[in-house]
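Report on one structure; see the data block that follows.
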Amino acid sequence: QLQLVESGGGLVQPGGSLRLSCAASGFTLDYHTIGWFRQAPGKEREGVSCISSSGGSTYYADSVKGRFTNSRDNAKNTVYLQMNRLEPEDTAIYYCAADANPRSCRIVVVTTKGMDYWGKGTPVTIAS
């Protein structure tokens with residue numbers, strides 16, 4: 001069965017950090033661009049960040065630029081999102097998704113559509 005599984009979410013105080021993981025099973029992530037998306041209660045899904053299949057290209061939404069960092073370990077079939085200096089506005093369900101098409105990371109984040117596989121999400125809550 002082809003699936004993505006996110007982990008690493010939780011409750012942290014403002015200013016804290018979390019590292020989310022996105023692990024694939026049933027297929028290899030080597031040739032997939034990976035996008036991270038989030039959806040807060042009552043809000044639409046928004047693109048957060050993206051890393052290309054090689055890891056050589058990344059893109060970040062303005063709201064997280066300078067605080068979040070993508071990385072990937074293809075040998076472990078896993079992609080990571082390091083989130084630092086977290087703010088209450090970062091509270092949301094975070095999803096990773098894989099795209100087998102050669103689209104730019106900017107397109108992936110801006111459109112939030114066209115991804116081939118989605119995980120079920122991991123909740124992130126930033127509160128005192």
Side-chain angles (χ1 to χ4, degrees):
Q1 186 177 3
L2 308 179
Q3 61 177 353
L4 292 172
V5 178
E6 303 92 339
S7 61
L11 169 65
V12 296
Q13 294 184 343
S17 298
L18 283 172
R19 188 176 81 155
L20 304 184
S21 298
C22 172
S25 62
F27 69 107
T28 178
L29 290 179
D30 287 19
Y31 304 107
H32 292 77
T33 293
I34 302 299
W36 287 94
F37 305 86
R38 66 187 182 186
Q39 187 164 20
K43 295 188 177 181
E44 293 187 356
R45 182 174 65 198
E46 65 171 332
V48 174
S49 67
C50 170
I51 185 167
S52 65
S53 58
S54 68
S57 177
T58 55
Y59 185 87
Y60 300 92
D62 288 344
S63 58
V64 306
K65 199 173 297 182
R67 301 188 296 122
F68 290 13
T69 304
N70 273 311
S71 63
R72 63 190 301 155
D73 185 341
N74 285 346
K76 294 183 177 180
N77 219 21
T78 301
V79 174
Y80 306 96
L81 182 66
Q82 178 67 42
M83 308 188 297
N84 298 327
R85 305 200 317 268
L86 285 161
E87 304 168 353
E89 293 74 21
D90 295 318
T91 296
I93 306 293
Y94 282 71
Y95 303 87
C96 65
D99 183 5
N101 299 305
R103 298 188 298 163
S104 75
C105 265
R106 180 181 179 279
I107 296 295
V108 167
V109 172
V110 170
T111 65
T112 76
K113 291 179 173 58
M115 308 302 284
D116 295 301
Y117 308 106
W118 286 86
K120 294 183 178 181
T122 184
V124 171
T125 303
I126 313 303
S128 300

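Just so it is clear, the values below take in all heavy atoms, side chains as well, and ignore hydrogens, waters and symmetry mates.
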Check your understanding: Which value, rounded to the nearest 0.5 Å, describes the distance between Ser53 atom OG and Asn74 atom CG?
Key -> 8.0 Å

Check your understanding: If every non-hydrogen atom of Thr112 is compared with every non-hydrogen atom of Gly47, which pair is closest and at what distance?
Key -> CG2-N, 3.4 Å

Exercise for review: Spell out, yes or no, whether Tyr59 and Val64 are grouped together once hydrophobic residues are joined by side-chain heavy atoms under 4.5 Å, including indirect joins.
Suggested key: no

Study note, to complete from the structure: Residues at least two apart in sequence or cross-chain that pass salt bridge (Lys or Arg N to Asp or Glu O under 4.0 Å) with Arg103, listed by chain then number, are Asp99

Check your understanding: If two hydrophobic side chains count as joined below 4.5 Å and joins carry through other members, does Leu29 share a cluster with Trp36?
Key -> yes

Practice item. Could you tell me whether a side-chain N or O of Thr125 sits under 3.5 Å from a main-chain N or O of Thr91, the two making a donor and an acceptor? Key: no

Check your understanding: Roughly how far, to the nearest 0.5 Å, is the CZ atom of Arg19 from the OG atom of Ser7?
Key -> 9.0 Å

Practice item. Look up atom SG in Cys96 and atom NE2 in His32, then write down how far apart they are to the nearest 0.5 Å. Key: 11.5 Å

Exercise for review: For Asn84 and Ser17, indicate whether the former's side chain and the latter's backbone hold a donor-acceptor pair under 3.5 Å.
Suggested key: no

Point to revise | same_hphob_cluster(Val109, Tyr117) at 4.5 Å side-chain heavy-atom cutoff | key: no

Check your understanding: How far does CD1 of Ile126 sit from CD of Glu89, to the nearest 0.5 angstrom?
Key -> 10.0 Å

Exercise for review: Mark yes or no for whether Asn77, through its side chain, and Phe27, through its backbone, hold a donor-acceptor pair below 3.5 Å.
Suggested key: yes

Study note, to complete from the structure: When every non-hydrogen atom of Ser52 is compared with those of Gly56, the smallest separation belongs to OG-N, 3.3 Å

Review point. Would you call the rings of Phe37 and Trp118 parallel, tilted or perpendicular, where under 30° means parallel and over 60° means perpendicular?
Key: tilted

Review point. Would you say Gln39's side chain and Ala92's backbone share a donor-acceptor pair under 3.5 angstrom?
Key: no

Exercise for review: Mind checking the CG-SG spacing from Leu4 to Cys22? Nearest 0.5 Å is all I need.
Suggested key: 4.5 Å

Review point. Is a donor on one side and an acceptor on the other found under 3.5 Å between the side chain of Tyr60 and the backbone of Asn70?
Key: yes

Exercise for review: Please examine the side chains of Leu86 and Phe68, heavy atoms only from C-beta on, and report whether any two atoms are closer than 4.5 Å.
Suggested key: yes

Review point. Are the side chain of Glu46 and the backbone N or O of Arg38 linked by a donor-acceptor pair below 3.5 Å?
Key: no

Practice item. Using a 4.5 Å cut-off on heavy atoms from C-beta on, say whether the side chain of Val124 contacts that of Met83. Key: yes

Check your understanding: Is it true that Tyr94 and Tyr80 fall in one hydrophobic cluster, defined by side-chain heavy atoms closer than 4.5 Å?
Key -> no

**Study point:** CZ on Arg85 to CG on Asp90, rounded to 0.5 Å
**Key:** 10.5 Å

Point to revise | Shared hydrophobic cluster for Ile107 and Val79 (ILVMFWY, side-chain gaps under 4.5 Å) | key: no

Study note, to complete from the structure: Closest heavy-atom pair, Cys105 versus Thr33, reported as atoms and distance to 0.1 Å, is SG-CG2, 4.0 Å

Practice item. Report yes if the side chains of Ser21 and Lys76 come closer than 4.5 Å at any heavy-atom pair, otherwise no. Key: no

Check your understanding: Has the side chain of Arg45 got a donor or acceptor atom that lies under 3.5 Å from a matching backbone atom of Lys113?
Key -> no

